[in-house]
Amino acid sequence: MKDLDPAAATGRIRWTADEARKVMDLPFMELLYLAQSVHRQNFDPNRIQLSRLLSIKTGGCPEDCSYCSQSARHGSGLSASKLLEVERVIAEAKKAREAGATRYCMGAAWRSPKERDMDAVVAMVQGVKALGMETCMTLGMLDAGQARRLKDAGLDYYNHNVDTSESHYANVVTTRSYAERLDTLAVVQGSGIKVCSGGILGLGEGQQDRVEMLVTLANLPEPPDSVPVNMLIAIPGTPLEGAAPVDPIDFVRTIALARIMMPQSHVRLSAGRTGMSDEMQALCFFAGANSIFMGETLLTAANPAEDRDMQLLARLGVQPMAAWEHAPQAPAEDAPAGPRPAARKDMPVPILR
Ligand code: SAM
Ligand code: DTB
Ligand code: SF4
């Protein structure tokens, strides 16, 4: 494998699948040591960013994503609801802020937003932003005009996952192509909204698919600011209800590779934490995951109870990340004086031989 030289690390490294696979296959201790080293060069290892999710429009989705409870094509038994009232969303965001969340992520079970819904989602972004929280939305595919309206309303992040490798993708979703997903990511990046994009492990893919998915993400014109790594929550009634579980060691390896390939991104240990032991989550944090969703519900599925998560963070001596720490290159004006994690863009990634 060619060296990842420090000079290259200050700019962009274009990864090949072969290079990434070699890192993925390092002996586990080497891989974790490397991932933790890269993590420490870019983030405070004892801080974790807390996001909160709300489903603003649940179920009845026309897409056929085979993992999803919200597709109208599967028999998950979930009943469809209308778009929530703007006031309700803002009230929920306020509660999340009081519980320590700094980012509020609103998700809708749409293929793409309809023009008639845009005024309401714009008002939600404005209202949540006015609470001093970071805003994130995931509404399906976006066109440039919609992205511009959301950006102007103050949207900070847009979540749109590639889900898996390009070659495995057609086994998982048929109603939206991989290229369409990449188009939406380009539209979002072009509008100046930060990208949150990752995938799911447990869709019947192999370790090579996970490598290729991370290569796709790391080689975007800008790597995503946030990379959610979900563990499939196998939902009864969906085509993947009986999917084989992911080997936890392979899951941790994937987190480590994401950290190494996208050193400055927030890697989010996302769906599926209810199925993980505390020890596995701790290993994921050691491997470089530094963000979680807090709160008992994700969009429709369960997440660990808040007090349980707080106990886990306390046992690990990990503090929630303050809002001003999210963008170490551009500290907010309210950043407290005193020691803080340095902006680390200039620091080299260790040379791999
Ligand atoms: N409808 C929008 C879309 O798909 O673009 C946004 C919502 S969608 C539920 C957001 C992401 O959640 C999906 O791309 C997928 O990666 C993840 N997800 C959905 N169901 C999941 C499940 N059962 N287990 C793990 N992750 C899941
Ligand atoms: C992401 O990658 N994971 C979150 C968020 N983006 C929107 C969603 C997880 C959904 C888990 C299944 C559910 O709650 O229905
Ligand atoms: Fe619809 Fe999103 Fe679920 Fe796919 S993942 S079925 S687009 S809600």
Side-chain angles (χ1 to χ4, degrees), residues 51-74 76-78 80-81 83 103-114 117 121 135-142 146 157-164 168-169 172-178 180-185 187-188 195-205 213 217 224 226-243 245-246 251 258 266-276 289 291-304:
S51 291
R52 175 80 70 136
L53 263 176
L54 177 70
S55 179
I56 58 171
K57 196 273 167 210
T58 306
C61 184
E63 304 273 16
D64 71 350
C65 313
S66 53
Y67 47 79
C68 187
S69 64
Q70 303 199 71
S71 167
R73 298 163 189 247
H74 312 324
S76 71
L78 188 77
S81 72
L83 184 62
R103 189 179 303 178
Y104 204 61
C105 180
M106 296 160 266
W110 289 328
R111 173 171 167 79
S112 57
K114 302 251 180 341
D117 295 316
V121 294
T135 51
C136 177
M137 284 198 153
T138 177
L139 313 172
M141 294 187 285
L142 283 190
Q146 291 170 329
Y157 298 87
Y158 195 79
N159 166 242
H160 199 70
N161 291 341
V162 296
D163 278 351
T164 189
H168 188 57
Y169 180 81
V172 180
V173 181
T174 69
T175 50
R176 182 188 304 173
S177 69
Y178 209 73
E180 283 173 317
R181 288 189 183 251
L182 297 176
D183 286 348
T184 292
L185 293 177
V187 161
V188 171
V195 163
C196 168
S197 188
I200 313 180
L201 273 55
L203 305 174
E205 77 286 351
M213 175 181 84
L217 293 169
S226 295
V227 180
V229 183
N230 297 277
M231 169 87 95
L232 176 73
I233 301 177
I235 312 255
T238 63
L240 285 168
E241 67 177 326
V246 180
F251 189 92
H266 292 81
V267 175
R268 183 169 307 117
L269 184 56
S270 300
R273 289 194 300 114
T274 49
M276 297 178 196
S291 171
I292 56 171
F293 286 116
M294 62 183 293
E296 284 181 17
T297 311
L298 293 162
L299 291 171
T300 69
N303 199 44

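Atoms within a ligand are numbered from 1 in the order they appear, just like the ligands themselves. Quick caveat, the model's predicted, so the values are computed rather than measured.
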**Q** Under 2.8 Å from atom 3 (Fe) of ligand 3, which protein N, O or S atoms do you find? Ignore water molecules.
**A**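 Correct list: Cys68 SG.
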
**Q** Taking the side chain from Asn161 and the backbone from Pro228, do they hold a donor-acceptor pair closer than 3.5 Å?
**A**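 Not at all, since once roles are kept as given, no pair shorter than 3.5 Å links the two residues.
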
**Q** For His74 versus Cys65, what's the shortest heavy-atom pair and its separation?
**A**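 Shortest heavy-atom contact: NE2-O, 2.9 Å.
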
**Q** Before giving the answer on side chain to side chain donor-acceptor pair (under 3.5 Å), spell out for Thr174 and Asp64 the whole-Å C-alpha distance, their side-chain angles and the decisive distance to 0.1 Å.
**A** CA-CA 7 Å; Thr174 69; Asp64 71 350; 2.5 Å; yes

**Q** Within the side chain of His160, is there an N or O that forms a donor-acceptor pair under 3.5 Å with the backbone of Val195?
**A**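 Judged by distance alone, no pair lies under 3.5 Å.
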
**Q** Which is it for Ser69 and Thr300 under the side chain to side chain donor-acceptor pair (under 3.5 Å) test, yes or no, and what are the steps along the way?
**A** CA-CA 7 Å; Ser69 64; Thr300 69; 2.8 Å; yes

**Q** Ignoring hydrogens, what is the shortest heavy-atom contact between Arg73 and Pro62? Give both atom names and the distance.
**A**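 So the two residues come closest at NE-O, 2.7 Å.
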
**Q** Among all protein heavy atoms, pick the one closest to atom 15 (O) of ligand 2 and tell me residue, atom and distance.
**A**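 In this structure, atom 15 (O) of ligand 2 has Thr300 OG1, 2.5 Å as its nearest protein heavy atom.
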
**Q** Please test Val121 against Ile56 for side chain to side chain contact (heavy atoms under 4.5 Å, CB included), starting from the C-alpha separation and ending with a verdict.
**A** CA-CA 9 Å; Val121 294; Ile56 58 171; 4.1 Å; yes

**Q** Heavy-atom distances under 4.0 Å are what count here, so tell me which part of Leu53 touches ligand 2: side chain, backbone, both or neither.
**A**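 Contact part for Leu53 vs ligand 2: side chain (C-beta onward).
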
**Q** Is there at least one pair of N or O atoms, one from Gln70 and one from ligand 2, spaced under 3.5 Å apart?
**A**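 Min N/O separation from ligand 2 is not below 3.5 Å for Gln70.
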
**Q** Between Tyr158 and Leu139 (side chain of the first, backbone of the second, donor and acceptor by atom type, cut-off under 3.5 Å), is there such a pair?
**A**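 Yes; at least one donor-acceptor contact below 3.5 Å.
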
**Q** Tell me the protein heavy atom at minimum distance from atom 4 (C) of ligand 2, and give that distance in Å.
**A**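 Checked against all protein heavy atoms, atom 4 (C) of ligand 2 sits closest to Phe293 CE1, 3.7 Å.
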
**Q** Checking Glu63 against Thr175 for the side chain to side chain donor-acceptor pair (under 3.5 Å) test, could you report, in this order, the C-alpha distance in whole Å, the side-chain angles of both residues, the deciding distance, and whether it holds?
**A** CA-CA 6 Å; Glu63 304 273 16; Thr175 50; 2.4 Å; yes

**Q** Please report the interatomic distance CD(Gln70) to OG1(Thr238), rounded to the nearest 0.5 Å.
**A**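 That separation rounds to 12.0 Å.
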
**Q** Mind checking whether Ala301 has an N or O less than 3.5 Å away from an N or O of ligand 2?
**A**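 Yes: some nitrogen or oxygen of Ala301 is under 3.5 Å from one in ligand 2.
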
**Q** Can you check side chain to side chain donor-acceptor pair (under 3.5 Å) on Ser291 and Arg103, steps first, answer last?
**A** CA-CA 10 Å; Ser291 171; Arg103 189 179 303 178; 5.9 Å; no

**Q** Indicate, as side chain, backbone, both or neither, the part of Ile200 found under 4.0 angstrom from ligand 2 when only non-hydrogen atoms are considered.
**A**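 It is neither; nothing of Ile200 touches ligand 2.
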
**Q** Could you measure the distance from the CZ atom of Arg52 to the OH atom of Tyr104? Nearest 0.5 Å is fine.
**A**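 Arg52 atom CZ to Tyr104 atom OH measures 7.0 Å (nearest 0.5 Å).
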
**Q** How does Asn161 reach ligand 2, if at all, at less than 4.0 Å between non-hydrogen atoms: by side chain, backbone, both, or neither?
**A**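 Side chain only; the backbone of Asn161 stays clear of ligand 2.
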
**Q** When you compare ligand 2 with Ser270, is there at least one nitrogen or oxygen pair between them that comes in under 3.5 angstrom?
**A**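 Between Ser270 and ligand 2, no N or O pair is found under 3.5 Å apart.
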
**Q** Tell me, with the steps shown, if Leu232 and Leu240 meet side chain to side chain contact (heavy atoms under 4.5 Å, CB included).
**A** CA-CA 9 Å; Leu232 176 73; Leu240 285 168; 4.1 Å; yes

**Q** Can Arg181 and Asp163 be counted as an ion pair, charged N to O under 4.0 angstrom?
**A**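 Looking at Asp163 together with Arg181, the answer is yes, because their closest N to O distance falls below 4.0 Å.
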
**Q** Which atoms of ligand 2 are found less than 4.0 Å from any heavy atom of Asn159?
**A**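 Going through ligand 2 atom by atom, the ones under 4.0 Å from Asn159 are 5 (C), 6 (N), 7 (C).
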
**Q** Can you name the atoms of ligand 2, numbered from 1 with element, that are less than 4.0 Å from a heavy atom of Pro228?
**A**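 In order of number, 2 (O).
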
**Q** Is it the case that ligand 2 has an N or O less than 3.5 angstrom from some N or O of Leu299?
**A**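 So ligand 2 has an N or O lying under 3.5 Å from an N or O of Leu299.
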
**Q** Hey, is ligand 2 close enough to Thr138 that some N/O pair sits below 3.5 Å?
**A**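 By distance alone, the answer is no.
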
**Q** Give a yes or no answer on whether the side chain of Asn230 reaches the backbone of Ala271 with a donor-acceptor pair at less than 3.5 Å.
**A**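 Pair found, side chain donor or acceptor close to backbone of Ala271.
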
**Q** Can you pull every nitrogen or oxygen pair between ligand 1 and the protein closer than 3.5 angstrom?
**A**
residue  : atom   : partner : partner atom : Å
ligand 1 : 1 (N)  : Ala108  : O            : 3.1
ligand 1 : 1 (N)  : Trp110  : O            : 3.4
ligand 1 : 5 (O)  : Arg176  : NH1          : 3.2
ligand 1 : 14 (O) : Asn161  : ND2          : 3.4
ligand 1 : 14 (O) : Asp163  : OD1          : 3.2
ligand 1 : 16 (O) : Asn161  : ND2          : 2.8
ligand 1 : 16 (O) : Asp163  : OD1          : 2.8
ligand 1 : 23 (N) : Tyr67   : O            : 3.2
ligand 1 : 23 (N) : Ile233  : O            : 3.0
ligand 1 : 24 (N) : Ile233  : N            : 3.0

**Q** To the nearest 0.5 Å, what is the distance between CG (Leu78) and CD1 (Ile235)?
**A**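 Here the interatomic distance stands at 8.5 Å.
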
**Q** What is the closest protein heavy atom to atom 3 (N) of ligand 2, and at what distance does it sit?
**A**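 Protein heavy atom with the smallest distance to atom 3 (N) of ligand 2: Asn230 OD1, 3.0 Å.
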
**Q** Tell me if a side-chain donor or acceptor on Gln146 pairs with a main-chain N or O of Pro113 at a distance below 3.5 Å.
**A**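 Yes.
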
**Q** Looking at atom 7 (S) of ligand 3, what's its closest protein heavy atom, distance included?
**A**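 Looking at atom 7 (S) of ligand 3, the protein heavy atom closest to it is Arg176 NH2, 3.3 Å.
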
**Q** State the atoms of ligand 2, each with its element, that fall below the 4.0 Å cut-off from a heavy-atom position in Ser69.
**A**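 Those qualifying, in numeric order: 15 (O).
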
